[in-house]
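Side chains included, hydrogens not; waters and symmetry mates left out as well; all remaining heavy atoms used. Atoms within each ligand, like the ligands themselves, are counted from 1 in listed order. Since this is a predicted model, take the numbers as computed values, not measurements.
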Amino acid sequence: MLIRIPAASSSREDEVTPEAIYLSRRTFMAGAGAAAVLSSLPVNAAGSTSAYADVEPAAAPDWFTGKLQDARWQAMTAAGEAVTPFKDATHYNNFYEFGTNKGDPARYADKLKVEPWQVKIDGEVGKPGTYSIEDLVKPHQLEERIYRLRCVEGWSMVIPWLGFPLAELLRLVEPTGNAKFVRFETRLAPEEMAGVRSGFSLIDWPYMEGLRMDEAMHPLTFIAVGMYGRVLPNQNGAPLRLVVPWKYGFKSIKSIVRISLVADQPKTTWETIAPDEYGFYSNVNPEVDHPRWSQAHERRLPSGLFSPNVIPTRMFNGYDEVAPLYSGLDLRKFY
Ligand SMILES: Nc1nc2c(c(=O)[nH]1)N[C@H]1C(S)=C(S)[C@@H](COP(=O)(O)O)O[C@H]1N2
Ligand SMILES: [Mo]
């Protein structure tokens, strides 16, 4: 992969992060409308690169590096927003299997055994089976998606993921007409997971999540296997995790080992723990507050005491195109 870091002058001042992370084709694409960017990206455009200055190099398995050559890079963030520094995105995490402090995943997730990795796909599908990560990734071109991630706790980031749409994966396993929801499950291995061993949490492991079928098939719904032009770090959910950018972060389940297509709405981890606070839908919504705090604003990382960087939260986290999925649904009731 060609790494090219453009001069600071090629970015607008308000887009510049302290760590000086730029997307190399930003200038080239300047002026393109936000919506146009994703759809107009040339496939395998010669010379397209992605450059992230503070990324730690990492050894990656062949199933990943082999795909990186042909990856399709996103030119710029949708609203020209600054990408969150890699350091923040990998050291301020929620991955309760490794502890409840934001620094725990970075400290302990190296214990997660990500090789070999298999995903069981079962339920209402024509092609159930246990698939290796190699087989799951092989049919897809990797593409970069720069998405906002809004945690229900009130902080947010902008992360450049690498992966492919969940819909592509689901189509290959041929959902039956009875498949109305998709249920996801994270690996459970107490010997690797300090947070699970501690017995300190309320969570009934494994971590579980779910989507309605039309949400799962939406083109924004993504399976990430990498970020910042490199393989996914363990603390971010290696080797594959879900990314649903218009929903609160806890829907984006990490380190998936099972995907089940089911007829009934599945039980999900946070809804099970506190149904009054966390719903099945969990769409980002500045008008529906968490019972204990407002959701009207968010702290965009990096954020500090002297520059808290608080910005208004947007409906569906700014991904308005998903609104038709919820027409006729009372979003106060189905939060
Ligand atoms: N298995 C699992 N997946 C998880 C979590 C978790 O604790 N366990 N936390 C969720 C929450 S609350 C958020 S905000 C995001 C954070 O993703 P990031 O650490 O990559 O930013 O992961 C989500 N996925
Ligand atoms: Mo979260």
Side-chain angles (χ1 to χ4, degrees), residues 83-109 111-112 114 117 119 145-163 183-190 192-196 198 200-211 221-228 230-259 268-274 277-279 282-284 290 292-293 295 298-303 313 317:
V83 167
T84 302
F86 180 75
K87 187 85 186 167
D88 294 270
T90 54
H91 289 78
Y92 190 93
N93 299 102
N94 277 333
F95 199 165
Y96 276 26
E97 285 84 340
F98 298 97
T100 51
N101 292 323
K102 293 288 182 282
D104 286 341
R107 218 168 287 133
Y108 303 120
K111 293 280 186 297
L112 180 70
V114 295
W117 193 273
V119 180
R145 295 277 182 97
I146 304 173
Y147 282 158
R148 289 177 290 277
L149 175 87
R150 168 59 157 85
C151 175
V152 73
E153 297 164 343
W155 53 267
S156 65
M157 305 195 195
V158 177
I159 300 184
W161 305 105
L162 270 170
R183 179 186 175 279
F184 303 87
E185 207 176 285
T186 294
R187 174 173 174 83
L188 176 57
E192 299 165 22
M193 298 170 158
V196 173
S198 79
F200 199 67
S201 90
L202 302 164
I203 296 178
D204 182 16
W205 310 104
Y207 194 97
M208 285 172 305
E209 257 309 332
L211 294 172
T221 306
F222 205 60
I223 291 287
V225 296
M227 62 194 265
Y228 296 80
R230 53 153 279 172
V231 74
L232 207 58
N234 284 7
Q235 62 264 41
N236 295 91
L240 80 166
R241 59 94 57 86
L242 185 67
V243 184
V244 195
W246 72 92
K247 292 178 179 283
Y248 291 119
F250 66 83
K251 298 293 291 182
S252 293
I253 182 172
K254 296 175 169 181
S255 305
I256 296 166
V257 290
R258 186 171 176 194
I259 301 175
T268 61
T269 290
W270 285 102
E271 193 192 12
T272 305
I273 295 171
E277 302 187 12
Y278 311 102
S282 291
N283 294 316
V284 175
H290 185 279
R292 292 182 280 128
W293 59 83
Q295 293 292 24
E298 65 202 56
R299 211 163 36 85
R300 173 65 53 85
L301 299 185
S303 129
T313 286
N317 205 20

Query raised in the report: Does the distance from a Lys or Arg side-chain N to an Asp or Glu carboxylate O, for Lys247 and Glu209, drop under 4.0 Å?
Result: no
Report task. May I ask you to check whether over 12 heavy atoms, not counting those of Tyr108, lie within 6.0 Å of atom OH? Result -> no
Report summary line: Those residues with a heavy-atom separation under 4.0 Å from ligand 1 are Asn93, Asn94, Phe95, Tyr96, Glu97, Leu149, Cys151, Trp155, Thr186, Tyr207, Asn236, Arg241, Gly249, Phe250, Ser252, Ile253, Lys254
Report task. Show your reasoning for whether ring-ring contact (aromatic ring centres under 6.0 Å, His included) applies to Tyr96 and Trp205. Result -> CA-CA 10 Å; Tyr96 276 26; Trp205 310 104; 7.7 Å; no
Report task. Please report the C-alpha distance between Lys102 and Asn93 in whole Å, then the side-chain angles of each, then the deciding distance to 0.1 Å, and finally whether the side-chain hydrogen bond (donor to acceptor under 3.5 Å, both in side chains) criterion is met. Result -> CA-CA 5 Å; Lys102 293 288 182 282; Asn93 299 102; over 6 Å; no
Requested in this report: State whether Arg187 and Glu192 are salt-bridged, where the test is any N-O pair (Lys NZ or Arg NE/NH1/NH2 against Asp/Glu carboxylate O) under 4.0 Å.
Outcome: yes
**Report entry** Qualifying residues under side-chain contact (heavy atoms from CB on, under 4.5 Å), relative to Ala238, sequence neighbours excluded
**Finding:** Val114, Leu232, Asn234
